[in-house]
Amino acid sequence: QVQLVESGGGLVQAGGSLKLSCAAPARTFSTYTMGWFRQAPGKEREFVAAHRWNGDTTYYSDSVKGRFTISRDNAKNTVYLQMNSLKPEDTAVYYCAATLALMLTMPKYYSSWGQGTQVTVSS
């Protein structure tokens, strides 16, 4: 399993931006698909974005596509989630995760998780 370390999160006004970071061990980073999920109170954990190293492809949920950008820096073994045009509906605990599975959008296929970071978007 990958041991993940998150940073970022906080309080931001609607329309603002926030950037989350998640680091993984260097020796395993390149072998895992890295993803971002979020979970609001009373809601299921939902897929936000993922980057698949094989093919250097990215995937986004419809709710964030065009506003969020996932990127990956192999030199720093870090994946980022740049969140722009934030809305109150984006308020949730955000988690980074890693998987060796082919499925990217379902939490149950991710084997490693960060502790989560709170993102709050005020109106």
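Side-chain atoms are counted along with the backbone in the values below, which use heavy atoms only and exclude waters and symmetry mates. Residue numbers run from 1 in the order of the sequence given.
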## Note on the structure
Separation between CD (Glu44) and CZ (Arg38), nearest 0.5 Å, reads 14.0 Å

### Query
Is it true that a side-chain atom of Thr78 and a backbone atom of Asp73 form a donor plus acceptor pair closer than 3.5 Å?
no

### Query
What pair of heavy atoms forms the shortest contact from Ala26 to Asn77, and how long is it?
CB-ND2, 3.1 Å

### Shortest non-hydrogen separation from Ala98 to Leu4 and the atoms involved
N-CD1, 4.0 Å

### Summary
On a heavy-atom basis, the closest approach of Ala49 and Tyr60 is CB-CD2, 3.6 Å

### Message
Between Phe47 and Phe37 (judged by ring centroids, cut-off 6.0 Å), do the two rings come close enough to count as a pair?
### Response
yes

### Query
Is there a donor-acceptor pair closer than 3.5 Å between any side-chain N or O of Arg52 and the backbone N or O of Thr33?
no

### Query
Per the side-chain contact (heavy atoms from CB on, under 4.5 Å) rule, which among Val64, Val121, Thr91, Thr120 passes with Leu86?
Val121

### Message
Using the rule given for side chain to side chain contact (heavy atoms under 4.5 Å, CB included), can you reason through Met83 versus Lys19, listing the C-alpha separation, both sets of side-chain angles and the distance that settles it, and then say yes or no?
### Response
CA-CA 6 Å; Met83 304 183 292; Lys19 188 174 184 178; over 6 Å; no

### Query
Do you reckon Ile70 sits in the same ILVMFWY cluster as Leu100, going by side-chain contacts under 4.5 Å, direct or chained?
yes

### Task
Mark yes when over 12 heavy atoms from residues, nucleotides or ligands other than Gln118 sit less than 6.0 Å from its CD; otherwise mark no.
yes

### Task
Can you measure from CG (Leu104) to OH (Tyr110) and round to the nearest 0.5 angstrom?
5.0 Å

### Rounded distance [0.5 Å steps], CD in Glu46 versus OG in Ser61
6.0 Å

### Between OG on residue Ser63 and CG on residue Asp90, distance to nearest 0.5 Å
7.0 Å

### Interatomic distance, Gln13 atom CD to Ser122 atom OG [nearest 0.5 angstrom]
5.0 Å

### Query
Regarding Asn84 and Ser17, is there a side-chain donor-to-acceptor distance under 3.5 Å anywhere?
yes

### Task
Decide yes or no on side chain to side chain contact (heavy atoms under 4.5 Å, CB included) for Thr69 and Thr58, but give the supporting numbers first.
CA-CA 9 Å; Thr69 302; Thr58 57; over 6 Å; no

### Query
Side-chain heavy atoms under 4.5 angstrom apart, residues restricted to Ile, Leu, Val, Met, Phe, Trp, Tyr: same cluster for Tyr109 and Tyr32?
no

#### Entry: For Pro107 against Thr105, the heavy-atom pair lying closest together
CD-O, 3.8 Å

### Query
For Gln3, does its backbone N or O pair with a side-chain atom of Ser112 as donor and acceptor, under 3.5 Å?
no

### Query
Hey, any chance Tyr80 and Val48 share a hydrophobic cluster, counting ILVMFWY side chains that come within less than 4.5 Å of each other, even indirectly?
no

### Query
NZ/Lys87 to CZ/Arg67 distance, rounded to the nearest 0.5 angstrom?
4.5 Å

### Task
Please examine the side chains of Tyr95 and Glu6, heavy atoms only from C-beta on, and report whether any two atoms are closer than 4.5 Å.
yes

### Task
Show your reasoning for whether side chain to side chain contact (heavy atoms under 4.5 Å, CB included) applies to Val93 and Val119.
CA-CA 6 Å; Val93 177; Val119 172; over 6 Å; no

## Note on the structure
Taking every heavy atom of Ala92 against every heavy atom of Ala40, the minimum-distance pair comes out as CB-N, 3.8 Å

#### Entry: Cys22 and Arg72, any side-chain heavy atoms less than 4.5 Å apart
no

### Query
Can you list every pair that meets salt bridge (charged side-chain N to carboxylate O under 4.0 Å, His left out) and has a residue in residues 53-64, with sequence neighbours left out?
none

### Message
For a side chain to side chain contact (heavy atoms under 4.5 Å, CB included) check, start with the C-alpha distance between Trp113 and Arg45, then their side-chain angles and the critical distance, and finish with the verdict.
### Response
CA-CA 12 Å; Trp113 295 85; Arg45 189 168 298 185; 3.4 Å; yes

### Message
Looking at Gly8, is its backbone amide N or carbonyl O close enough to the side chain of Thr117 to form a donor-acceptor pair, meaning the two atoms are under 3.5 Å apart?
### Response
yes

